[in-house]
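Labels below follow one simple rule: chain letters A, B, ... track the order of the sequence lines, proteins then strands, and each chain is numbered from 1. These numbers were taken from a predicted model, which means no experiment stands behind them.
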Amino acid sequence: MQDHIHSAQRPHHEAEELLPWYAAGQLNPPERLVVEEHLSSCADCREQLTFERRLIQEFRSLEPQVEAGWARLRSRIEPPPRRREARKGSAPASRLIKHPAVAALAAAQFAFLIFGAGMLLWLSRPTYHALGSTSPAPTADVIVMFRADATVEDVKSSLRAANASIVDGPTAADAYLLHVPRQQRNQALARLRADDDVQMAEPIDGAVQ
Amino acid sequence: MSWSARITRVPAGATRPITSESELIARVGAKDLQAFEKLYRLYQPRLARFLANLLHRPQLVEEVLDDTMMVVWQTADRFRGSSKLSTWIFAIAYRKALKARSRWPDPLPDDGLEVQVSNDPGPDVELSHQRLSEALRKAMTGLSPEHRAVVDLTYFHGMGYREIAEIVGCPIDTVKTRMFHARRRLKQALPGELSDWL
């Protein structure tokens, strides 16, 4: 019985779901036909359609409350010359890396980068602690590269989400060395790798304790 | 089509008029600043409107809009046309907006979809256009950003549910369900009876 009622209501439910896009003229012909057939026999949906059209009319009359900011954006595109020089070098590199031979070379360089980062940290570790010092500086256990377009806020947000802190960087390749609590490391790595603003995140445990 | 092939075909700084969005984005990919300005002016009002509905802080709207367009500027050469240009740009804006919201939540509670029913006069009072607009704005703030996005992309931007699903990165049925519930909430939140609106 319940199944019977459910199947009897299905055309109504389907048509009702599609009404906003019917009103907006965004359905394909078969979908339009389904809605129109149902409208011919359903007063509720006809009333709903009038409401949809009114909503569209009202929505389109609402003005955005933000001013144009081309000048502001342009100043971000054309930063001071020194910074621009740095970017010039990095953009073609990201395109080149798609070439297999270059990608292999990049992978080798990346391995070297991780090794180098580890060595750098190992060499820079203090060999002694002041008396009374109870909390040594956190060690790096993850290396990360952010996307070129990530903002400072994006980076902060990514770090907070992974519960990570920057230990060192940027390196010559614009990578950062991070510390994440050991027990949360897998989770942090997963979060960083899933993050839109993170280009790469890898553990560097082999090099640094 | 490779990036270098496109560069050759559409040199940066070319002066002939741009006739299509695909040509416009190809020129932006070739770092043609004039083309980018044109694209910006084309999309800024729509994005501003979309973001203003998602984020209730004007300063944040500007920031996210700029960030979105910076991503477009920096990655336009990777746009392959597998989706519509508007879908690609709006999807970037949506992701950036949700991320910004996680840093700066709305000043008003809206996650529970609890909408205040207005105590304004009922059906016998004619509702002015201004009052209706204001009521609609208020009603929208009662929706979650995910619901607001679907409502705005449908009613204002006139997009189909398939395109919206691509933008917000969820299944088509989820878009339909969000829209269904959002409409119900909007109706509950508007002052007077439904007949006052018809």
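When B:Thr154, B:Ile164, B:Thr177 are compared by the number of non-hydrogen pairs under 4.5 Å with chain A, B:Thr154 comes out ahead. Among the candidates A:Ser158, A:Ser157, A:Ala23, A:Ala24, the residue making the largest number of heavy-atom pairs closer than 4.5 Å to chain B is A:Ser157. Ranked by heavy-atom pairs under 4.5 Å with chain B, the list A:Leu18, A:Leu19, A:Leu27 is led by A:Leu18.
Interface remark: B:Phe180 contributes side-chain atoms only to the contact with chain A (heavy atom separation under 4.5 Å). Both the backbone and the side chain of A:Asp154 have a heavy atom closer than 4.5 Å to some heavy atom of chain B. For a residue to count as touching a neighbouring chain, one of its non-hydrogen atoms must lie under 4.5 Å from one of that chain's; by this rule B:Arg162 touches chain A with the side chain only. Contact of B:Val175 with chain A is made through backbone and side chain together, with heavy-atom distances under 4.5 Å.
Using modelled atom types, one side-chain atom of A:Trp21 and one backbone atom of B:Met159 make a donor-acceptor pair closer than 3.5 Å.
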Exercise for the section: Would you sort out whether A:His12 and A:His38 count as a ring pair (Phe, Tyr, Trp, His ring centres under 6.0 Å), showing the intermediate values? Expected result: CA-CA 7 Å; A:His12 173 78; A:His38 179 71; 5.2 Å; yes

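Under the 3.5 Å distance criterion, with hydrogens and angles disregarded, no donor-acceptor pair is assigned to the side chains of B:Glu166 and B:Thr87.
Between B:Phe50 and B:His157, the ring planes are perpendicular. Angles over 60° get that label, and only those under 30° would be called parallel.
Of the residues A:Leu189, A:Ile143, A:Asn186, the one that meets the side chain to side chain contact (heavy atoms under 4.5 Å, CB included) test with A:Pro203 is A:Leu189.
Scanning both residues, B:Leu153 and B:Val168, for their nearest heavy atoms gives CD1-CG1, 4.5 Å.
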